Number of protein chains: 2
Amino acid sequence: MMSLETVAKRARVSTATVSRVLNGVDVVKTSTRARVMKAIADLKYHPNLHARSLAGAVNKTIGVIVSNLDNPFFLDVYRAVESDCHAEGYEVIVANTLYRPEQLAASVRMMIGRRVAGLALIVSEMDEGIVQELTEGQMPVVLYDVGAAGGHVTKIRVNYRRGVERVVDYLTTLGHTDFGVIGHHSGLAPISERCNAVLESARASDPRATVRQALDADGLEGGRRAAADLLSAGTLPTAIICVNDIMAVGALLELRDRGLRVPRDISVTGFDDIELAKFCYPALTTVNIPRDQVGHTVFRSLAVGAGAGDALGREFSVNPELVVRESTGPARASAI
Amino acid sequence: MMSLETVAKRARVSTATVSRVLNGVDVVKTSTRARVMKAIADLKYHPNLHARSLAGAVNKTIGVIVSNLDNPFFLDVYRAVESDCHAEGYEVIVANTLYRPEQLAASVRMMIGRRVAGLALIVSEMDEGIVQELTEGQMPVVLYDVGAAGGHVTKIRVNYRRGVERVVDYLTTLGHTDFGVIGHHSGLAPISERCNAVLESARASDPRATVRQALDADGLEGGRRAAADLLSAGTLPTAIICVNDIMAVGALLELRDRGLRVPRDISVTGFDDIELAKFCYPALTTVNIPRDQVGHTVFRSLAVGAGAGDALGREFSVNPELVVRESTGPARASAI
DNA sequence: GGCGATGCTGAAAGCGATTGCATTGGGCCT
DNA sequence: AGGCCCAATGCAATCGCTTTCAGCATCGCC
């Protein structure tokens, strides 16, 4: 491979001068600059970025670790970060853990090894040990839904409870008092928070409200089975609240197969507002977590160089918003 | 930040020894190794990967450039590559160009700068200059749907024509002879190849076949408008072939709004088999490009170290498969 | 004509690892 | 006891770049 020196020799200058031309710093005589640029072009020279970030002080790249790029939530957050960063000349490197803790650890090590300027952990399989290690360290960090803010760590917390309240309140005003919940015991805090919040919000809204739970499966098929369980167990709820959109779509499928009309016979809600929610039939009423808000916060916390960095060390709370579509309507009057 | 030397000093050994412990090479006395490991743990030391890849000969990371991670096709290919690579201890770095040629160029420069072991370009906005430069260079490269194989460049080409033939043949056996095509003039070769293939396959299947085109818009709304155009122009086709799934979904939406039943009144097909195709209503009959096949080929071409690399320099042709779902059925007998 | 200021360029010291070669010291053979 | 060998470790060069400091013309000015 070629190096600065090759270029320098060909242009009959020192490596220092080539470097200056490359970075546009200092003043280089126009004729010299031209000679150097020609040499660079002739040789198709590309600077070695490893050497550059080894030698240079600043490292304009930030790291983002997410659970799974498949999940549109993580993808959107990542893209928001990326777009902000590119606008300011930062690079982003992303890693996904596939929800595996040991992969999380490996990714963190990798990011530290790359000496990123800052690191954002937007994952659901959070590991306490890692959180602590990062908190004790020096590197600017953004933690999502975990840990504590202060110093070099920014915390973003999502108020899931509030999101659930929005759903329940909305359904209550439509006359619903008889709810079913579809969720799962994954041990993931965000999910269990949602499950619990349904119970509490429902009671808060209306003391007579009933809530039936089906919490034993995950994914589309899980939603389907859970819906089936709810249907076969005595009277039918008038509304089914699902802790994520995928399960809600599964429920929709099952209801359709059983000849129930949504929302006339029964209302269904999801959580997350994935793309599918817009296009499934009927389009899903759900809860949206403002993803670009999360992304922008990450950028503002980590890109300390770029006039940003004002957000570092603070705690941010993001409030989910209700998105009303077609899968919800007034409670039916009578049993089916 | 800490360095090897810090660790070395603390463990009262030389940096060479620490390096050996770190990499598990050579023989280090057990007691020494223990001392070093303790020092590493105490200091929470993480090796600087830039320095490592500068000093070391081998660089076990490969680069993947895609047009847009939003697009499930690109995402799936990327994930297939990543999973293969991680299994063999390779890292993957990904860049998306958002379909912008200048971003493509920047990403290529970045990858070269990082001295990746190999580079895969899976983009639709291909730039001839870049292809040529890469072809003339040294680095192992995988090109998707462009360029020529040989030496250090692997080519993957997708037989779109064949995919379209599958669709048209299938519809023909269902009795369709009156087609509408929804596509767009994007200048993207894969898209125009599909548009053209429809015309030719239809004529090949049945000389009396008619094909009406609506090629002026893109995206979901574009598909919607194109469907509207097709509807308002004289007699209705019995089948609408869309060049991608997004536009097909748009068409479905428009047809539904106009009171047409799919597939009873009219059949609709897509292309790409994105996730949405499975969940929209009715589920879309479409064409799937085997993504993991593409991903595995990338890995086998680029990860020359890992017992792979046998695929480098060859040309691979991947054949799309027809995926029949619910949006297609027998041609209706009479005009509506 | 001498002198500091100014503009450009070069020499060389790191940055943090890897690695070939030199060194050391103990065990074993004769 | 002397010589050898090999295991274990250290020394120092190297990778490709940035950056400080110094050097050398050239220039304007008194």
Side-chain angles (χ1 to χ4, degrees), chain A residues 1-37 39-40 43-61 91 109-117 138 305, chain B residues 1-37 39-40 43-61 91 109-117 138 305:
Chain A
M1 210 61 203
M2 257 154 320
S3 73
L4 253 202
E5 210 177 330
T6 325
V7 178
K9 221 166 273 173
R10 189 174 228 272
R12 311 189 154 285
V13 296
S14 73
T15 63
T17 300
V18 180
S19 173
R20 288 191 267 254
V21 170
L22 238 30
N23 297 304
V25 298
D26 278 25
V27 236
V28 179
K29 213 204 297 182
T30 317
S31 61
T32 312
R33 170 183 305 272
R35 264 209 334 283
V36 172
M37 303 233 282
I40 290 175
L43 294 169
K44 296 191 202 306
Y45 165 76
H46 293 265
N48 184 322
L49 296 182
H50 296 299
R52 181 172 283 186
S53 35
L54 182 57
V58 289
N59 195 327
K60 294 185 68 163
T61 105
E91 291 287 343
R109 274 201 303 279
M110 192 267 262
M111 295 292 185
I112 296 181
R114 284 225 213 291
R115 300 293 187 267
V116 292
Q138 300 291 318
Chain B
M1 208 63 202
M2 257 154 320
S3 73
L4 252 203
E5 209 177 330
T6 324
V7 178
K9 219 166 276 172
R10 189 175 229 273
R12 311 189 154 285
V13 297
S14 73
T15 63
T17 301
V18 179
S19 173
R20 288 190 266 255
V21 170
L22 237 30
N23 297 304
V25 299
D26 279 25
V27 239
V28 179
K29 213 203 297 182
T30 317
S31 61
T32 312
R33 170 184 307 273
R35 260 207 340 280
V36 171
M37 302 234 284
I40 290 176
L43 294 169
K44 296 190 203 307
Y45 165 76
H46 294 264
N48 183 322
L49 296 181
H50 296 299
R52 180 172 283 186
S53 36
L54 181 59
V58 289
N59 195 328
K60 295 185 70 164
T61 104
E91 291 286 343
R109 274 201 303 279
M110 192 266 263
M111 294 292 184
I112 297 180
R114 284 224 212 289
R115 299 294 187 267
V116 292
Q138 301 290 317

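These figures come from a predicted structure and were not determined experimentally. Just so we're on the same page: letters track the sequence lines, and every chain starts at 1.
Atom OG1 of B:T17 and atom NZ of B:K29 lie 11.0 Å apart (nearest 0.5 Å). If you take NZ on A:K9 and CE on A:M2, they are separated by 13.0 Å, rounding to the nearest 0.5 Å. B:T30 contributes atom OG1, which lies 10.0 Å from atom CE of B:M37 (distance to the nearest 0.5 angstrom).
Atom-to-atom, CD1 of A:I40 to C1' of D:dG16 comes out at 14 Å; the value is rounded to the nearest Å. For the pair B:R20 CZ and D:dA8 C1', the computed distance is 8 Å after rounding to whole Å. Atom CG of A:D26 is separated from atom C1' of D:dA22 by 14 Å (rounded to the nearest Å). Between B:L49 atom CG and D:dC15 atom C1' the separation is 16 Å, expressed in whole Å. Straight-line distance from the CG atom of A:N23 to the C1' atom of D:dT18: 8 Å, rounded to whole Å. Taking atom CZ of residue B:R114 and atom P of nucleotide D:dG16, one finds them 18 Å apart after rounding to whole Å. Note: CG (A:L54) to C1' (D:dT19) measures 14 Å, nearest angstrom. One atom, CZ of B:R52, and another, C1' of D:dC17, lie 20 Å apart when rounded to the nearest Å.
At D:dT9, none of the side-chain N or O atoms of B:S14 fall inside 4.0 Å of OP1 or OP2 (strictly under the cut-off).
Evaluation of the salt bridge (charged side-chain N to carboxylate O under 4.0 Å, His left out) rule for A:R10 yields A:D42 as partners, not counting sequence neighbours.
Heavy atoms of B:S3 sit under 4.0 angstrom from primed sugar atoms or phosphate atoms, though from no base atom.
For DNA chain C, the residues of residues 4-13 of chain A within the heavy-atom distance limit of 4.0 Å (strictly under) are A:R12, A:V13, sorted by number. Annotation: proximity of residues 27-35 of chain A to DNA chain C (heavy atom, distance under 4.0 Å) is found for A:V27, A:V28, A:K29, A:T32, numbered in ascending order.
With B:D26 contributing its side chain and B:R20 its backbone, the two residues share no donor-acceptor pair below 3.5 Å.
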Side-chain polar contacts of residues 50-58 of chain B - donor-acceptor pairs under 3.5 angstrom, sequence neighbours left out - could you list them?
| from | atom 1 | to | atom 2 | distance (Å) |
| --- | --- | --- | --- | --- |
| B:H50 | ND1 | A:H50 | ND1 | 3.4 |
| B:H50 | ND1 | A:S53 | OG | 3.3 |
| B:H50 | NE2 | A:R114 | O | 2.9 |
| B:S53 | OG | A:H50 | ND1 | 3.4 |
| B:S53 | OG | B:L49 | O | 2.8 |

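The overall bend of the helix from C:dG1-D:dC30 to C:dT30-D:dA1, read as the angle between its terminal helix axes built from five base pairs each, is 60° when rounded to 10 degrees.
For the pair A:T32/A:V21, no side-chain contact is recorded, criterion being any heavy-atom separation below 4.5 Å from C-beta on.
When all heavy atoms of B:S19 and B:L4 are compared, the pair lying nearest together is CB-CD1, 4.1 Å.
Note that the first and last nucleotides of DNA chain C, 5' to 3', having any atom under 4.0 angstrom from a heavy atom of chain A are C:dC8 to C:dG16.
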